[in-house]
Amino acid sequence: MGILSERIEHQVPQNLDNILYYYSASLSVISIVPNVILIFHFCITKNTRDNLCYVFQLAISSILHSISFIFPSNCCKLQGFLTLTFELSSLLITPSISFFINTIYSHIFPPTKQNNKSLLIVSSFAWLIPLIIGIIPLIIDDFKLDKSIICWLNNDALIIAYCIFVLLIIAENFYLMLTLMLEIKRELKNDPSLIQNLHSLSRYVTIQLVVYAPFLIEQFFGLVQGIDTYTVSFGWVLLREGIDALSGALFAFCYGFSAQMLREVKEAIM
């Protein structure tokens, strides 16, 4: 994720930029591993439930996002395109998982016959919209190398528009998750086992904050302090880049990993 203004002379010490690159690249490789496991699980399972289809798509998007940290700085446009496009794609897929995970609520979820159509529509938006948004900076040649060794948007107006888009998606995520949590709480007296669903949705709310809060906080203070004079410490860059590089793994463990999934993978391997 980029910084609102990259007009900073010494955000990352020159003698540490290589360390920061290997730091981010190593974390991104770690982030790829659990998503490969999720893809393997999707391929071996015979139950193609909607939520598994979305987890499969999220794993692919997370892998492509993680790969962007492996490219060197001389692949700036490719790196920026992958980061922007598949970061948004991952974010757009998450509310779909939340929506379909509790199919016991028939008044919230579409009938079974409409599920395939809904899956196609939502999936199309989750991939096409980020692709279009990612192409725009490529056309106007706006991806530039920032001081934290990651290529990102250079135009402040585009960065602000991107932040607003991210906030809108997160707000929609929170609304959907909290709505489901209230539904589950009302049903707990009749079915105490639903507490597991409540815990799952609580994790979804938490993971959104963990992954996107550092980026959004940074942008907010950049606007308050002035985009031309805004600076951050090297330690903050390490934190923000580390969370961004590991976001794929965080999403994988939150949305995809479960005791049943691990058991099915183990049985397939053994």
A.B. asks: Has Ser28 got a side-chain atom pairing as donor or acceptor with Ile67's backbone, closer than 3.5 angstrom?
C.D. replies: no

A.B. asks: How close do Ile44 and Glu264 get, counting heavy atoms only, and between which atoms?
C.D. replies: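 Between these two residues, the closest heavy atoms are CD1-O, 3.7 Å.
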
A.B. asks: Taking side chain as C-beta onward, heavy atoms only, is Pro214 less than 4.5 Å from Trp236?
C.D. replies: yes

A.B. asks: Regarding Tyr162 and Glu87, is there a side-chain donor-to-acceptor distance under 3.5 Å anywhere?
C.D. replies: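 Side chains of Tyr162 and Glu87: pair found under 3.5 Å.
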
A.B. asks: Going through the distances and angles, do Leu84 and Phe143 end up as a side chain to side chain contact (heavy atoms under 4.5 Å, CB included)?
C.D. replies: CA-CA 10 Å; Leu84 177 63; Phe143 286 121; 3.9 Å; yes

A.B. asks: Flag the pair Asn173 / Leu91 as yes when at least one side-chain heavy-atom distance between them is below 4.5 Å, and no otherwise.
C.D. replies: yes

A.B. asks: So does Phe42 get a backbone contact from the side chain of Thr45, meaning a donor-acceptor N/O pair under 3.5 Å?
C.D. replies: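 Between the backbone of Phe42 and the side chain of Thr45 there is no qualifying donor-acceptor contact (under 3.5 Å).
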
A.B. asks: On a heavy-atom basis, which atom in Ser66 and which in Ala245 lie closest, and how many Å separate them?
C.D. replies: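 Taking every non-hydrogen atom into account, OG-O, 4.2 Å.
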
A.B. asks: If I take atom CG from residue Leu128 and atom OG from residue Ser89, how far apart are they, to the nearest 0.5 angstrom?
C.D. replies: 9.5 Å

A.B. asks: Under a 3.5 Å distance rule, please check whether Ser31 uses its side chain to pair with a backbone N or O of Gly248 as donor and acceptor.
C.D. replies: yes

A.B. asks: Give a yes-or-no answer on whether the side chains of Gln57 and Trp127 include a donor-acceptor pair shorter than 3.5 Å.
C.D. replies: yes

A.B. asks: For Ile136 and Asp142: C-alpha separation, side-chain torsions, deciding distance, then whether side chain to side chain contact (heavy atoms under 4.5 Å, CB included) applies.
C.D. replies: CA-CA 8 Å; Ile136 294 175; Asp142 191 59; over 6 Å; no

A.B. asks: In sequence, state the C-alpha distance, the side-chain angles, and the governing distance for Phe40 and Ile269, and then conclude on side chain to side chain contact (heavy atoms under 4.5 Å, CB included).
C.D. replies: CA-CA 10 Å; Phe40 174 73; Ile269 294 176; 4.1 Å; yes

A.B. asks: Applying side chain to side chain contact (heavy atoms under 4.5 Å, CB included) to Ser68 and Phe86, what does each step give before you reach the verdict?
C.D. replies: CA-CA 9 Å; Ser68 66; Phe86 296 107; over 6 Å; no

A.B. asks: At what distance, to the nearest 0.5 angstrom, does OH of Tyr21 lie from OG of Ser26?
C.D. replies: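 If we round to the nearest 0.5 Å, Tyr21:OH and Ser26:OG are 9.0 Å apart.
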
A.B. asks: How close do Tyr204 and Cys254 get, counting heavy atoms only, and between which atoms?
C.D. replies: CD2-SG, 3.4 Å

A.B. asks: Say you draw a straight line from CG of Leu64 to CD1 of Ile60; how long is it, rounded to the nearest 0.5 Å?
C.D. replies: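 Nearest 0.5 Å value for the CG-CD1 distance: 7.5 Å.
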
A.B. asks: Write down the atom of Leu188, the atom of Leu198, and the distance for their closest heavy-atom approach.
C.D. replies: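 Result for this residue pair: CD1-CD2, 4.3 Å.
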
A.B. asks: Quick one, Asn155 and Ile140 - any side-chain contact, counting heavy atoms below 4.5 Å?
C.D. replies: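 With C-beta onward as the side chain, the pair stays apart.
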
A.B. asks: Donor-acceptor pair, Tyr54 side chain versus Ile93 backbone, under 3.5 Å?
C.D. replies: no

A.B. asks: Using 0.5 Å steps for rounding, measure from the OG atom of Ser24 to the CD1 atom of Ile19.
C.D. replies: 12.0 Å

A.B. asks: Got a sec, which residues hit side-chain contact (heavy atoms from CB on, under 4.5 Å) with Phe174, two or more places apart in sequence or on another chain?
C.D. replies: Ile170, Val205, Gln208, Leu209

A.B. asks: Any side-chain heavy atom of Met261 sitting closer than 4.5 Å to one from Val55?
C.D. replies: no

A.B. asks: Check the hydrophobic clustering (I, L, V, M, F, W, Y; side-chain heavy atoms under 4.5 Å; chains of links allowed) and say if Leu82 and Ile139 are grouped together.
C.D. replies: yes

A.B. asks: Can you say whether the rings of Tyr255 and Phe251 are parallel (under 30°), tilted (30 to 60°) or perpendicular (over 60°)?
C.D. replies: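 Correct class here is tilted.
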
A.B. asks: Between the side chains of Ser200 and Arg203, does any donor sit under 3.5 Å from an acceptor?
C.D. replies: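 The criterion, which ignores hydrogens and geometry beyond distance, is satisfied for Arg203 and Ser200.
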
A.B. asks: Do the side chains of Ile159 and Ile132 join up, straight or via other hydrophobic residues, at under 4.5 Å, putting them in one cluster?
C.D. replies: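 Each belongs to a different hydrophobic cluster.
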
A.B. asks: Tell me whether Tyr212 contacts the main-chain N or O of Ile207 through its side chain, where contact means a donor paired with an acceptor under 3.5 Å.
C.D. replies: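 Not confirmed, Tyr212 side chain does not pair with Ile207 backbone.
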
A.B. asks: To the nearest 0.5 Å, tell me how far Phe56 CZ sits from Ile39 CD1.
C.D. replies: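 Phe56 CZ to Ile39 CD1: 5.5 Å, rounded to 0.5 Å.
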
A.B. asks: Kindly give the heavy-atom pair with the smallest separation between Val166 and Leu88, and that separation in Å.
C.D. replies: CG2-CD2, 4.0 Å

A.B. asks: Do Phe165 and Ile133 make a side-chain contact, defined as non-hydrogen atoms from C-beta onward lying under 4.5 Å apart?
C.D. replies: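 They are in side-chain contact.
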
A.B. asks: Side-chain contact, heavy-atom cut-off 4.5 Å: Leu178 with Leu182?
C.D. replies: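 Sidechains of Leu182 and Leu178: no contact.
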
A.B. asks: Do the side chain of Thr206 and the main chain of Ser202 share a donor and acceptor less than 3.5 angstrom apart?
C.D. replies: yes

A.B. asks: Compare all side-chain heavy atoms of Cys151 with those of Lys144 and state whether any distance is below 4.5 angstrom.
C.D. replies: no

A.B. asks: Would Tyr175 and Leu167 show up in the same hydrophobic cluster when neighbours are defined by side-chain heavy atoms closer than 4.5 Å?
C.D. replies: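 In one cluster with Tyr175: Leu167, no.
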
A.B. asks: At what distance, to the nearest 0.5 angstrom, does CH2 of Trp152 lie from OG1 of Thr83?
C.D. replies: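 Atom-to-atom, Trp152:CH2 and Thr83:OG1 are 7.0 Å apart.
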
A.B. asks: Under a 4.5 Å cut-off applied to non-hydrogen side-chain atoms, are Gln79 and Ile70 in contact?
C.D. replies: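 They are not in side-chain contact.
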
A.B. asks: If you compare all heavy atoms of Gly134 against all heavy atoms of Thr85, which two are closest, and at what distance to 0.1 Å?
C.D. replies: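 Minimum heavy-atom separation between Gly134 and Thr85: CA-OG1, 3.5 Å.
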
